[in-house]
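See below for the structure under consideration.
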Amino acid sequence: MQACAEVCYSIEVSKGFKGKSFVNTEKTILGNYITKEQVFEFGRTGVIPNGANFQILYFKDENGNQTDEPAILYVTNPEIEAFGSAVKSVVDWLEGVYPGFLTTMVDNGIRIILHSQANDNKNTQGTTYNDGLYYENYSGSNSESFYKSLRKGLLTEGVGIRCDILGLSKNEQGLIKPYFALLFTQYALTKSSDDGLVNFEKFYQNETDLYTFLYADGRSSDEIKALREETKMLVYPFGGSWKEIDYALESGY
């Protein structure tokens, strides 16, 4: 019920559900995909209403088995059937590499993953959209490309939501997001032989180098290193989920 309540709140406050697509105004109205009434019905019955264009990611127990507690709703475009299965497969893959990944996403405010058919002329786009919303734009037909774009986005934009919560500036986020995504990927390479991770590592290394140059804002290399170390335990779960870190901070540990 908490998950449903937070989703309904997001629908209420998000501009993404009140107008046409912010990429191509003549195309998608996100509000056509999901309504508060449908979410309320799901909360009451545990069953997705007929005609509703959303699916559910459920929390898993300590053994990796699915529970009946909803974690994230993903809102699908019915015209692109691949989106529904792709979201679950990507999160399942991440859960296998980083146990607790789904919980970490929820801890940091991601309650809805949106899909839009809007075309930004780049084929793929992953970004946060208001607190608690993750927007994934896919306009092409290559399912493997979509899979990679969603996986890459989930590795970085969850960090972005956390940075927003911490009140970090654009320049600070530029120094942090790709760097932590690089660490995330390097850790994954110790757990998985997925060839795609090797490409991600190269991508995030190049992006880290570029963003360090673009967003240094006069900081020395030692100051940049100190910033990353200072925020590491607040943004990236080395040794605990963000919820556990928050509890420790609030408790004064």
Side-chain angles (χ1 to χ4, degrees), residues 1-22 28-95 98-117 126-138 150 153-154 157-158 160-162 164-165 241-244 246-247 250:
M1 287 303 293
Q2 178 183 352
C4 293
E6 292 185 6
V7 167
C8 288
Y9 175 75
S10 297
I11 294 173
E12 182 69 27
V13 302
S14 171
K15 290 182 247 181
F17 289 95
K18 294 182 179 178
K20 296 183 179 180
S21 165
F22 52 92
T28 306
I29 300 177
L30 297 176
N32 288 341
Y33 290 178
I34 186 171
T35 67
K36 289 187 294 182
E37 289 73 24
Q38 291 171 336
V39 178
F40 280 134
E41 183 175 341
F42 170 75
R44 289 193 300 269
T45 66
V47 177
I48 298 175
N50 289 334
N53 297 316
F54 68 88
Q55 298 183 45
I56 307 294
L57 290 174
Y58 292 90
F59 283 114
K60 297 181 179 180
D61 61 23
E62 62 275 9
N63 297 316
N65 299 316
Q66 179 177 296
T67 70
D68 58 0
E69 182 182 359
I72 292 177
L73 276 72
Y74 52 103
V75 184
T76 63
N77 178 348
E79 296 179 2
I80 304 181
E81 297 177 358
F83 181 73
S85 60
V87 173
K88 187 176 188 306
S89 65
V90 171
V91 174
D92 283 346
W93 176 86
L94 288 164
E95 277 283 316
Y98 328 98
F101 178 82
L102 180 60
T103 299
T104 301
M105 289 176 66
V106 173
D107 287 351
N108 285 270
I110 299 180
R111 283 296 189 182
I112 307 176
I113 299 176
L114 297 173
H115 173 238
S116 171
Q117 65 184 15
T127 183
T128 55
Y129 190 64
N130 290 359
D131 291 344
L133 298 179
Y134 177 87
Y135 169 81
E136 175 69 27
N137 179 35
Y138 177 70
L150 180 59
L154 290 178
E157 296 306 334
I161 290 179
R162 183 61 172 176
D164 289 338
I165 293 171
S241 76
W242 284 310
K243 183 181 292 184
E244 291 167 338
D246 283 340
Y247 177 78
E250 291 167 3

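This one's a predicted model, so the numbers in the text were calculated from it and none came from an experiment. Heads up: numbering here begins at 1 and tracks the sequence. Just the heavy atoms: all of them, side chains too, but no hydrogens, waters or symmetry mates, feed the values below.
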Item to complete: Output, in order, the C-alpha distance, side-chain angles, deciding distance and verdict of side chain to side chain contact (heavy atoms under 4.5 Å, CB included) for I56 and I72.
Response: CA-CA 6 Å; I56 307 294; I72 292 177; over 6 Å; no

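- Side-chain contact of Y134 with E157: a donor-acceptor pair under 3.5 Å is absent, judged by distance alone.
- Using a 4.5 Å cut-off on side-chain heavy atoms (C-beta onward), I110 and V106 make no contact.
- Between D92 and K60 there is a side-chain heavy-atom pair separated by less than 4.5 Å.
- The closest donor-acceptor contact from the side chain of N63 to the backbone of N65 lies at 3.5 Å or more, if one exists at all.
- Counting heavy atoms from C-beta on, the side chains of L57 and Y74 come closer than 4.5 Å.
- A pairwise comparison of heavy atoms in G46 and Y58 identifies O-OH, 4.4 Å as the closest pair.
- Here the closest heavy-atom approach between residue A86 and residue S89 is recorded as O-OG, 2.9 Å.
- Side-chain N or O atoms of R44 include none that pairs as donor or acceptor with a backbone N or O of V39 at under 3.5 Å.
- Nearest heavy-atom pair, M105 versus L154, reported as atom, atom and distance to 0.1 Å: CE-CD2, 3.7 Å.
- The backbone N or O of F59 sits less than 3.5 Å from a side-chain atom of T67, completing a donor-acceptor pair.
- Heavy atoms of other residues, nucleotides or ligands lying less than 6.0 angstrom from CG of N50 number 12 at most.
- Side-chain contact between P49 and F54: present, with at least one pair of heavy atoms (C-beta onward) separated by less than 4.5 Å.
- Taken to the nearest 0.5 Å, the CD atom of Q38 stands 10.0 Å off from the CD1 atom of I48.
- A donor-acceptor contact shorter than 3.5 Å links the side chain of E95 to the backbone of F101.
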